[in-house]
Amino acid sequence: MQHQKMTTTEYEKLNEKQKIAVITTEGPLLILAGAGAGKTKTITHRILHLIADKKVPPEQILAVTFTNKAAREMRDRVENLLRAHHIEKSRGTMPLVTTFHSLGVYIIKENATLLDLPKYFSIFDKGDGKRAIKEAMEKAGVNSLVMEPGKIQGIISKEKGKMQTASSYRELIGNEYFPRIVSSVWTEYEKILAREKALDFDDLLLVSTRLLKENKTVREMYQKRFSYIHIDEYQDTNTVQYELSRLIAGEKKNVCVVGDIDQNIYTWRGANIQNILNFEKDYPNAKIILLEENYRSTQTILSAANQVIAKNEIRKEKNLFTKNGEGEKITVYQSYDEADEASFIASECKKLIAEGTKPEGIAVLYRANFQSRALEEIFLALNVPYQLLGTRFFEREEVKDTLSYLRFALNPESLSDFARILNKPARGIGKVTLAKIFEGKESELSEVMKTKMKDFRNLVEEIKYAAENSKPSVAVKTVIQRSGLEEYLKKDAAEGEERLENLRELVSLATKYDNLAQGYGMEKLLEEASLASDQDSLTEEKMGVKLMTVHAAKGLEFEYVFICGLEQDLFPHKKLDEESVTREEAEEERRLFYVALTRAKKKVYLTHASIRTIFGGKNVSVPSEFITDIDEGLIHEIGAEREKGRVKTIYLD
């Protein structure tokens, strides 16, 4: 492979701190990168430096992040940089830029025989897992009407993130009532996964990490393969992700982690802020570099963000600054109620669009999903184009049905896929027949049912042939046409056309994999469908203002950002079943607001309502403490209920 040195021009594109991060290649490195401080640029140029200047073989470099969107962006930028330096892309000679879960799949597939798994093992998404949890509850004698399956599923997920297995959890809990119920359900759940040769989302990390931990030969193979490791968003890693990266780093400890303590907003799903806080303890000779120059926002936005986050105690001191100029003041709008608030936001969006702002350059962020209803209503009424970041493409029923056909054809032991597609569309095969098949008593079926099952299995064989021998897009078309889904949806006057358009979009999506090697394209399509994150639905890129939760906005940026519902107990959020918020929870809420502020490039609008309808009742609201944390000189206040800076008294009947 031809190597060319990293050009002076590329080097000059970096600021002083970024340059130090790029050339510090040996040993552990912690890059504390503030929002908009060019962390992806720093990582990608570091990878270029390793290949072009240090002559490190590209395939020895690993870069891991959290979402497919972030991984795609980083991969594209690395490839563009290498191409610009005449380092040509070829199979097996590129850095591996991937997500944690995809890395887990990569390790598991390479060692499938050791793990007693087939090449085409199934990956249970949240819906598949919930169905399996319900079945496990039945087997464990736990009433799903008394115990919420989703709650048990959530506990199991969080425990797997802490490196616990069903057996280690059983030993840990003692005789506590609810944990013992979770333990009994978990045991049955693992039996269902084993029966179907499947893993759930959390297993992708747990199984791969346990394999590295327990098998020295496998561990040393990956330590030798990856000499230089980069971990993005390190503040969001949980115990199992931390352990996975530590095991691959091995004795060389050439691990570069990038993160921002102030953007740790996922402790509720297992992210452990101590991983980044303790990096220097875990790696005693670690070098620390602070990236504080922001390239995204105005100084007004950054000053507000700095003031808000300074009140947190669990953090490392840093102050964002920019050369972008002061920018506009932050507009604070006090509305009468949520309808007035939504009307103000939609009207402002309409005005911004009329003045030349692209609709997709505007985001409306909220703390809780229920807030989207009032916004959608007004956006529709005022004819303002919008895209709600909610139901993911791969979670749509018809899309899941089609993928289930393909998964079951390639993995006949996946009983959840079998149960899903057997009557999609209806074939007159009832629950009694299904139960007999599951019990291995198919020979006891009536002749009519045997014929129906024979027809079904012939269909599956046809799909299997297409999946293994045709392009992925052709295989998807085969499922849609031969399964009867197309004919069934054409007869559905209400939603059939829209749902059929979704399936046609799936065919279009599958063409992306058509040029890959035979069999490999289908493998990648099914894998990426299973690993898709909620931000990936943005790749559909519809024209419109983006409406989403603050959590979903993490890692994104917009020209204009509206943050609504800034009221005590809504943002900062208070759980409905708790009287007060702990210090840790309060600090996470503050970090969440910091994330929301720093999504904006040009201007931020903060809105709050005097009255908000929650669960059918009207509640008088108190403005969020976050608003008062911002210096008055940075704010321009407007609102129907505000006179000379004082809030009017509002009387409720």
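Basis for what follows: all heavy atoms, side chains included, without hydrogens, waters or symmetry-related copies.
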Could you measure the distance from the [atom1] atom of [X] to the [atom2] atom of [Y]? Nearest 0.5 Å is fine.
X      : Y      : atom1 : atom2 : answer
Leu244 : Thr209 : CG    : OG1   : 4.0 Å
Leu547 : Leu365 : CG    : CG    : 9.5 Å
Tyr283 : Ile288 : OH    : CD1   : 12.5 Å
Glu59  : Ile51  : CD    : CD1   : 9.0 Å
Phe100 : Asp236 : CZ    : CG    : 9.5 Å
Leu30  : Ile231 : CG    : CD1   : 12.5 Å

Considering non-hydrogen atoms only, spot the tightest contact between [X] and [Y] and give its length.
X      : Y      : result
Asp282 : Asn275 : OD2-O, 4.4 Å
Ala596 : Val561 : O-CG1, 3.9 Å
Asp203 : Lys160 : OD1-NZ, 2.8 Å
Lys39  : Ala33  : CB-CB, 3.8 Å
Asn68  : Ser102 : OD1-OG, 4.4 Å
Asp202 : Ser157 : OD2-OG, 3.0 Å

Review point. Between Lys318, Arg591, Arg590, which is the residue that forms a salt bridge (charged side-chain N to carboxylate O under 4.0 Å, His left out) with Asp262?
Key: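 Going through the options one by one, the only one that passes is Lys318.
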Practice item. Pick out which of Lys603, Lys358, Lys602 makes a salt bridge (charged side-chain N to carboxylate O under 4.0 Å, His left out) with Glu559. Key: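 Considering Lys603, Lys358, Lys602, a salt bridge (charged side-chain N to carboxylate O under 4.0 Å, His left out) with Glu559 is found only for Lys602.
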Side-chain ion pair, [X] and [Y], N-O less than 4.0 Å:
X      : Y      : value
Lys109 : Glu527 : yes
Lys126 : Asp200 : no
Glu26  : Lys287 : no
Glu313 : Arg315 : no
Glu73  : Arg77  : yes
Arg599 : Glu557 : no

Is there a donor-acceptor pair closer than 3.5 Å between any side-chain N or O of [X] and the backbone N or O of [Y]?
X      : Y      : result
Ser208 : Leu205 : yes
Arg296 : Thr598 : yes
Asn306 : Leu302 : yes
Gln263 : Leu592 : no
Asp417 : Arg407 : no
Arg225 : Gln60  : no
Lys41  : Lys13  : yes
His551 : Ile265 : yes

Exercise for review: Could you please spell out the steps behind the side chain to side chain donor-acceptor pair (under 3.5 Å) verdict for Gln235 and Glu233?
Suggested key: CA-CA 5 Å; Gln235 78 281 349; Glu233 304 286 11; 2.8 Å; yes
Exercise for review: Check the pair Thr322, Thr298 against side-chain contact (heavy atoms from CB on, under 4.5 Å), reporting the backbone distance first and the verdict last.
Suggested key: CA-CA 7 Å; Thr322 187; Thr298 66; 5.7 Å; no
**Study point:** Lys471, NZ: over 12 other non-hydrogen atoms inside 6.0 angstrom
**Key:**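 Counting neighbours around NZ of Lys471, 12 or fewer heavy atoms of other residues, nucleotides or ligands fall under 6.0 Å, so no.
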Hey, are [Y] and [X] close enough side-chain-wise for a donor-acceptor pair under 3.5 Å?
X      : Y      : value
Ser168 : Thr165 : yes
Asn324 : Tyr295 : no
Gln241 : Glu243 : no
Ser414 : Lys197 : no
Asn111 : Tyr222 : yes
Asn312 : Tyr594 : no
Lys546 : Gln387 : yes
Glu196 : Ser416 : yes

**Study point:** Near-ring test Phe201/Phe124, centroid separation under 6.0 angstrom
**Key:**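 No.
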Check your understanding: Are Phe66 and His101 an aromatic pair by the rule of ring centers under 6.0 Å?
Key ->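 No; His101 has its ring centre 6.0 Å or more from that of Phe66.
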Do [X] and [Y] come within less than 4.5 Å of each other through their side chains, counting heavy atoms only?
X      : Y      : value
Tyr366 : Thr549 : yes
Glu220 : Gln223 : yes
Val207 : Leu199 : yes
Met522 : Leu525 : yes
Ile276 : Asn264 : no
Leu556 : Met548 : yes
Asn254 : Phe226 : no
Val78  : Asp76  : no

Check your understanding: Run the side-chain contact (heavy atoms from CB on, under 4.5 Å) check on Ile289 and Leu32 step by step: do they pass?
Key -> CA-CA 6 Å; Ile289 295 170; Leu32 289 172; over 6 Å; no
Exercise for review: Using the side-chain contact (heavy atoms from CB on, under 4.5 Å) rule, pick out the option among Val64, Ile47, Val257, Leu29 that qualifies with His230.
Suggested key: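 Result for side-chain contact (heavy atoms from CB on, under 4.5 Å) with His230: Ile47.
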Practice item. Please list all pairs passing the salt bridge (Lys or Arg N to Asp or Glu O under 4.0 Å) test where one or both residues lie in residues 507-516, with sequence neighbours left out. Key: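 Qualifying pairs, neighbours excluded: Lys512-Glu528.
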Check your understanding: Yes or no on side-chain contact (heavy atoms from CB on, under 4.5 Å) for Thr237 and Asn272, after CA distance, side-chain angles and deciding distance?
Key -> CA-CA 6 Å; Thr237 54; Asn272 186 355; over 6 Å; no
Review point. Should Glu214 and Arg219 be marked as a salt bridge (Lys or Arg N to Asp or Glu O under 4.0 Å) after you check the CA-CA gap, both sets of side-chain angles, and the distance that decides it?
Key: CA-CA 8 Å; Glu214 295 165 10; Arg219 180 170 69 250; over 6 Å; no
**Study point:** Verdict with supporting geometry, Tyr266 and Asn238, side-chain contact (heavy atoms from CB on, under 4.5 Å)
**Key:** CA-CA 9 Å; Tyr266 293 118; Asn238 61 17; over 6 Å; no
